[in-house]
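So the structure is just underneath, and the comments pick up after that.
Order of appearance sets the numbers: ligands from 1, and atoms from 1 within every ligand. What you see is a predicted model, and the numbers here were worked out from it, not measured in a lab.
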Amino acid sequence: MRIAVLTSGGDSAGMNPAVRAVVKAGITKGCEVYVIREGYEGLVRGNTAPPRPHRKVHRNLPAERLAHFGDDSLLKNLSFGDGPALREGAGDAEEDEQESGTLKGRHIVRVGWDDVRGWMGEGGTFIGSARSAAFRTPEGRLAAAHNLIKEGIDGLVVCGGDGSLTGADRLRAEWPDLVKQLLSSNQITQDQATTYAHLKISGLVGSIDNDMALTDMTIGAPTALHRICEAIDNINSTAASHSRAFVVEVMGRHCGWLALMAGVSAGADYVFIPEQPPKSQPWEEEMCEVIRRHREVGKRKTIVIVAEGAHDRDLNPIKADKVKDVLTEVLKLDTRVTTLGHTQRGGRPVAMDRILPTLQGIDAVNALLEATPDQPSYMIGIHENKILRIPLVDAVKQTQAVAAAIEARDFATAMSLRDPEFEQFYHAFNLTSTLEKGNRLPREKRLRVAILHMGAPAGGMNAATRTAVRYCLSKGHKPVCINNGFKGLLDDNIADVTWLKVDNWTARGGSELGTNRTLPDTDLGGVASKFQQHQFDALFMIGGFEAFSALLILEKARKDYPAFNVPMVHLPATISNNVPLTDFSLGCDTSLNALVDACDAIRQSASASRNRVFVVETQGGQCGYIAAMGALATGAVIVYTPERGINLDTLRADVRFLKARFMLDEKGKSEGRLIVRNEKSSDVYSTELITSIIKEEGGDLFDARSASLGHTLQGGIPSPIDRARAVRLTMMCMEFLEKHAHDLLQHPPHRRRGTRDTAAVITIQGSGIKFVPVEDLVAHADMKKRRAKHTWWEGIKDLSELLGGRTDLVAHKFDINAPHGHEMYQS
Ligand code: ADP
């Protein structure tokens, strides 16, 4: 197939990784891949100028050697000098000058593997995006169809928002008609009309607002949220210093996702979102009342977040300036407005905006290849951790229905049409951000909830604790926070927590309560007596593999120690992501972002010195998750994990691959390449040894250096995704504890029998969230190696390496020992 990809509508971080994935996946599948510059506008204008003469490429490998490899799709598609350089400033000055003249002439450009090199870490969209009035007209779409057929393109991947995907769907619906018109006006031949009778389309949702229905996340939304939270974290400190109020306006005309999620993850006092305006009309007093209460308990700062499209129940806009006036006049607060504006478009994509578009881009290509004329066009979405194909029409329709419901002031419907997570977050925000006494349960239902951290710190632990504490306070429970894990419990080291004290914990890294690896079986009797002494009715543990082990110990000990017959729940939090059965733990997103930041810097250095391979060592214990995902997110070419291990054969193949790949680079234009190695991949083939081998084998072609990321991977400030995940999962854990406590606590302590499902781990599995009895996890765990027996990300290593250019031919058939093999690059 010949496939083309375009980006349209507002740009978003992650569009470049999406285009990169489509290009690479397409080439891997044997397609010819084109990019369309300037969105639909480029499609309408098409190519009026001839292709630029093929630029002579000076490779490290002579042409006759290159020809020897014949038909491999990677080698045939390494790079095309056609058309303007895709990336501003990518060509030399003389070329650029020529290009600006021809830019208008060529919009549909063939691209190769190396043309998208280095795009993973870049914000915006290199192939350009535009809003096209012409494409909205029948004539425009006719021209677009003509251009596609002229170039022989029969599959199109569109990355854009709901407008762009509506346009895509329209083009496909009208396609047979357009072909007929082109044929009858003799613009195409009968042959062409037959060959291109059907257009195949896949949609990728690129939108910072996360406003598309039927998918959890759009490309660019995580990065936008990241930028907003960074800004609010910074504002927090100045606000507290001066006891000020800040009104922060964020993007989102019809969708309050960014505002709500920023409120949840950065800890705001009040949010205004289009889907759910304040209950009272006028709204001013409702807001002031909440903020007054927060000030009364001693808060020195006030943060109000206003979505761009916020309004009251009569659809009168609520603007940041108006909110500021109210705070100033009614509450007498020194108030400032911050409008984040285009900084939210994001720049460098965060880890999730690299991984998701990559996986979705690959599926978009697969969907094109599998498409049949009678199938609908699919939009590639995601639910929890499952990539889904959703009929494009359905998603667009439901998205438009939200806007219509808001317009009709039917806010309940607007909320219900967003995915269920949205409503959960709204509920979570109200319960954990608003100091309110009205939610308290009757006295007999109130619990004493023990909360503790275990194992190593991980991003999101503190946000989870804050949520648990505030949930408890709101419902009338007593949160008993224990410092320093089970060791702290044995020492009666109980933390003094209040609603106010945990206020800033969402943004804090590390573990505010302190964490410890001591398991309860060091002194089970002692732990049980502490449970009795403090009258715990429930236990909430946040941690990694240790917390899982601890829960298992407590559950098994229930028959001997009745004090453990209370509901107990473990929320996985570990950067290693090694708790069985859960796809994600808290902290792994933060850690991936730390890895991505470090590797971007390392890659820059590797590229600056040309021809350098960096071997980057990551933490992760016996679990290769961070290494494999990190490799995917940074575009590393090789990844070593403990699950696969390293041996002489793999090393030899890897060296051959590196030699082949560097030989194929343009002379003098090699970029650095990354290898990611998990710390426990091999006891013998250490990072240093591998680096030395690569350096030695690289000769004049490349050298090698190593870098160890160590504890930096714990990540400092937790990512908004980890914070939000912490809030949502903790809310569910608290509800779990309440539910089971209600049944268990009806009996006197000595008659309680905790059933197996009352000691559980909360897990994310594919598209669902499940509480799994801790006993059931054992069958899925390798207790010795402290990791899961099977993981959902097993294929990621191969995928990263494939996208790194390791096709079969380059990996295996490239014979570096053939005659002239060595001399060739040395000369
Ligand atoms: P977004 O894709 O971010 O929602 P827009 O709504 O501006 O951004 O849409 C981007 C482009 O998609 C428009 O400029 C137009 O070319 C095309 N488009 C949007 N809606 C339609 C439509 N109903 N019919 C045809 N093309 C459309």
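- Contact annotation: for Arg131 versus ligand 1, heavy atoms closer than 4.0 Å belong to both the backbone and the side chain.
- Minimum heavy-atom separation, Thr7 to Thr125: OG1-OG1, 2.9 Å.
- For Asp314 and Arg409, the salt-bridge test passes: some basic side-chain N is under 4.0 Å from an acidic carboxylate O.
- Using modelled atom types, one side-chain atom of Asn234 and one backbone atom of Glu230 make a donor-acceptor pair closer than 3.5 Å.
- At the top of the distance list for atom 18 (N) of ligand 1, counting protein heavy atoms only, stands Gly163 O, 3.4 Å.
- For atom 13 (C) of ligand 1, the closest non-hydrogen atom on the protein side is Arg136 NH2, 3.8 Å.
- Ranked by closest heavy atom to atom 3 (O) of ligand 1, the top entry among Gly206, Ser129, Gly10 is Gly10.
- Near Phe135, the atoms of ligand 1 lying under 4.0 angstrom from a non-hydrogen atom of the residue are 16 (O), 25 (C), 26 (N).
- For ligand 1, the atoms lying closer than 4.0 Å to a non-hydrogen atom of Asp162 are 4 (O).
- Closest to atom 14 (O) of ligand 1 by heavy atom, among Gly39, Gly9, Ser132, is Ser132.
- Between Trp119 and Phe126, the ring-plane angle classifies as perpendicular under the 30° and 60° cut-offs.
- Numbered from 1 in the order shown, with element, the atoms of ligand 1 that lie under 4.0 Å from a heavy atom of Arg170 read 22 (C), 23 (N), 24 (N).
- Every residue two or more places apart in sequence or in another chain that forms a side-chain contact (heavy atoms from CB on, under 4.5 Å) with Lys24 is listed here: Arg20, Trp113, Val116, Leu803.
- Under the 4.5 Å side-chain criterion, counting only non-hydrogen atoms from C-beta, Val109 is not in contact with Ile127.
- Contact atoms of ligand 1 toward Thr166: 23 (N) (distance under 4.0 Å to a heavy atom of the residue).
- Not a single heavy atom of Ser207 sits under 4.0 Å from any atom of ligand 1.
- The distance from ligand 1 to the heavy atoms of Ser8 drops below 4.0 Å at these ligand atoms: 10 (C), 11 (C), 12 (O).
- Between Lys29 and Glu370 there is no salt bridge, since no side-chain nitrogen of the basic residue lies less than 4.0 Å from a carboxylate oxygen of the acidic one.
- Of all protein heavy atoms, the one closest to atom 25 (C) of ligand 1 is Gly167 CA, 3.7 Å.
- When the shell of 6.0 Å around NZ of Lys397 is examined, it contains 12 or fewer heavy atoms from other residues, nucleotides or ligands.
- Taking every non-hydrogen atom of Tyr40 and a distance limit under 4.0 Å, the qualifying atoms of ligand 1 come out as 12 (O), 16 (O), 17 (C).
- An N or O contact shorter than 3.5 Å is missing between Ala133 and ligand 1 by distance.
- Using a cutoff of 4.0 Å between basic side-chain nitrogens and carboxylate oxygens, Arg723 and Asp233 are scored as salt-bridged.
- On a distance-only criterion, Ser164 and ligand 1 share at least one N/O pair closer than 3.5 Å.
- In this structure, Arg348 pairs ionically with Asp600, as a charged nitrogen and a carboxylate oxygen lie closer than 4.0 Å.
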